[in-house]
2 protein chains.
Amino acid sequence: MAQRTSPAAEEPNRRAELVRAAGRLFREQGYDATTIRDIAAAVGMRSGSPFYHFKSKQDLLKTVVLEGMHAALAAIEAVLAQRLPPRETFHALIRAHLDTILVSGGDFAPVLLHEWRSLSPESRAEIVASKDRYEKIWQKTLTDLKRANLIADDSSLARLLIIGSINWTAQWYRPDGKLSIDKLAKRTANFFLLS
Amino acid sequence: MAQRTSPAAEEPNRRAELVRAAGRLFREQGYDATTIRDIAAAVGMRSGSPFYHFKSKQDLLKTVVLEGMHAALAAIEAVLAQRLPPRETFHALIRAHLDTILVSGGDFAPVLLHEWRSLSPESRAEIVASKDRYEKIWQKTLTDLKRANLIADDSSLARLLIIGSINWTAQWYRPDGKLSIDKLAKRTANFFLLS
DNA sequence: GCCAGTCAACCAAGCAATTGCTTGGTGAAT
DNA sequence: ATTCACCAAGCAATTGCTTGGTTGACTGGC
């Protein structure tokens, strides 16, 4: 947990560079296919140096995924804080989720997606907590939508199908294509809403 | 009885056992995390023997994915051949897709999903052909549904969102849970259809 | 019925490369 | 002089894959 007592929480240092480089490489090549040497070289270090900042490769993966998950959670909680009407909340949630998944720098989501099994059980437990909160926010929004007759089904299956379709965009969306994330969010929201 | 004309296409031999075992292990542990020794042991061989049947580990992965992809394509083409009305075709397509993805023995889909990047470019090209045909079938069904006013949107985005949500079931569906694949297919179809 | 020959299918053993990670040191800043 | 952040070198284990043999089933010729 909180292991750093003196230097607060986040330093703008090489440690952060390692996390960013690792995130990118994990996404591009996968966890197993990425070597410590790759990550070290990406920030101009030698092969053994990352172990000064992280006690193992697993630890690096865990940091990448956890920091990303926290950022994602913060994003949709910021949406909730705006207290928009259901329809707009739905759209904003989709927009936030797409941003988290698709925008450059957000490498964590694909990594979390693909390398879930590479995580230790303890790391997974930490993530599940955030995931539960994430899902609760969505579920509540769906319930509000149903109450406003803007959606036909607010079951947890509906939530899984909706979030699933959005998560899947990571598989086919190309940032250099014609479809902007803005438009994608709008069209996706309309697709799921009635009328 | 044994009327194998040539040893060309499909023998019930050890080779098939290797493909099945590899598929299962690739899904459970990932491609990189699965060793040739794992696969060999799973069928009672020694570490070097699989290389009699496959020239490399990559070749094994390619076989797993390609055979699975062809089976999946065959499944939905069988649905098309039934010439059901749009609504029933839609339901049957979802059912077939879920079967391909979720049913035991169908390990290829999660593997294809996760280990796409581990494939050589040539292997990918072979798969893309099947994928294109797969998508065309879906797209045509969506167009028919729209014509019958059973769906609001038949754009390719709609197709991506629908297929995406179904593909994502592989991430959360548990065969030992309360929800049968039959029910899941039915409820999913109803979720996307109007009224 | 017998036996050399063939071939498919495997094993036993190991090689070369790669891997995560460790250890002892080093220059700069404090 | 101590600490921080890193390097240089390498170790032990694992990996995909190769090579040369071995076994059993099946031939064909006599």
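Chain identifiers are assigned alphabetically (A, B, ...) following the order of the sequence lines, protein sequences preceding nucleic acid strands; residue numbering begins at 1 within each chain. Note: hydrogens, waters and symmetry copies are ignored here, and every other heavy atom, side chains too, is used.
A close approach under 4.0 Å does not occur between any side-chain nitrogen or oxygen of B:R14 and OP1 or OP2 of C:dA9. Contact annotation: A:Y52 reaches the phosphate of D:dA5 (side-chain N/O to OP1 or OP2, under 4.0 Å). OP1 or OP2 of D:dC6 sits under 4.0 Å from a side-chain N or O of A:H53.
Considering only residues two or more places apart in sequence or on other chains, A:F90 meets the ring-ring contact (aromatic ring centres under 6.0 Å, His included) condition with none of them. Listed by chain and residue number, nothing satisfies the side-chain hydrogen bond (donor to acceptor under 3.5 Å, both in side chains) test with B:S156 (two or more places apart in sequence, or in another chain).
Between B:Y134 and B:H97, the ring centre distance stays below 6.0 Å.
Note: CZ (A:R15) to P (D:dC4) measures 15 Å, nearest angstrom.
B:F51 and B:M45 end up in different hydrophobic clusters when Ile, Leu, Val, Met, Phe, Trp and Tyr side chains are linked at under 4.5 Å.
Taking a cutoff of 4.0 Å between a charged side-chain nitrogen and a carboxylate oxygen, B:E17 and B:R14 qualify as a salt bridge.
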Summarise how protein sits on nucleotides 11-30 of chain C as a single string, 5' to 3': B when a protein heavy atom is under 4.0 Å from the base, S for sugar-phosphate-only contact, - for no contact.
-> BS-B----BBBB--------

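The backbone N or O of A:T34 sits less than 3.5 Å from a side-chain atom of A:K57, completing a donor-acceptor pair.
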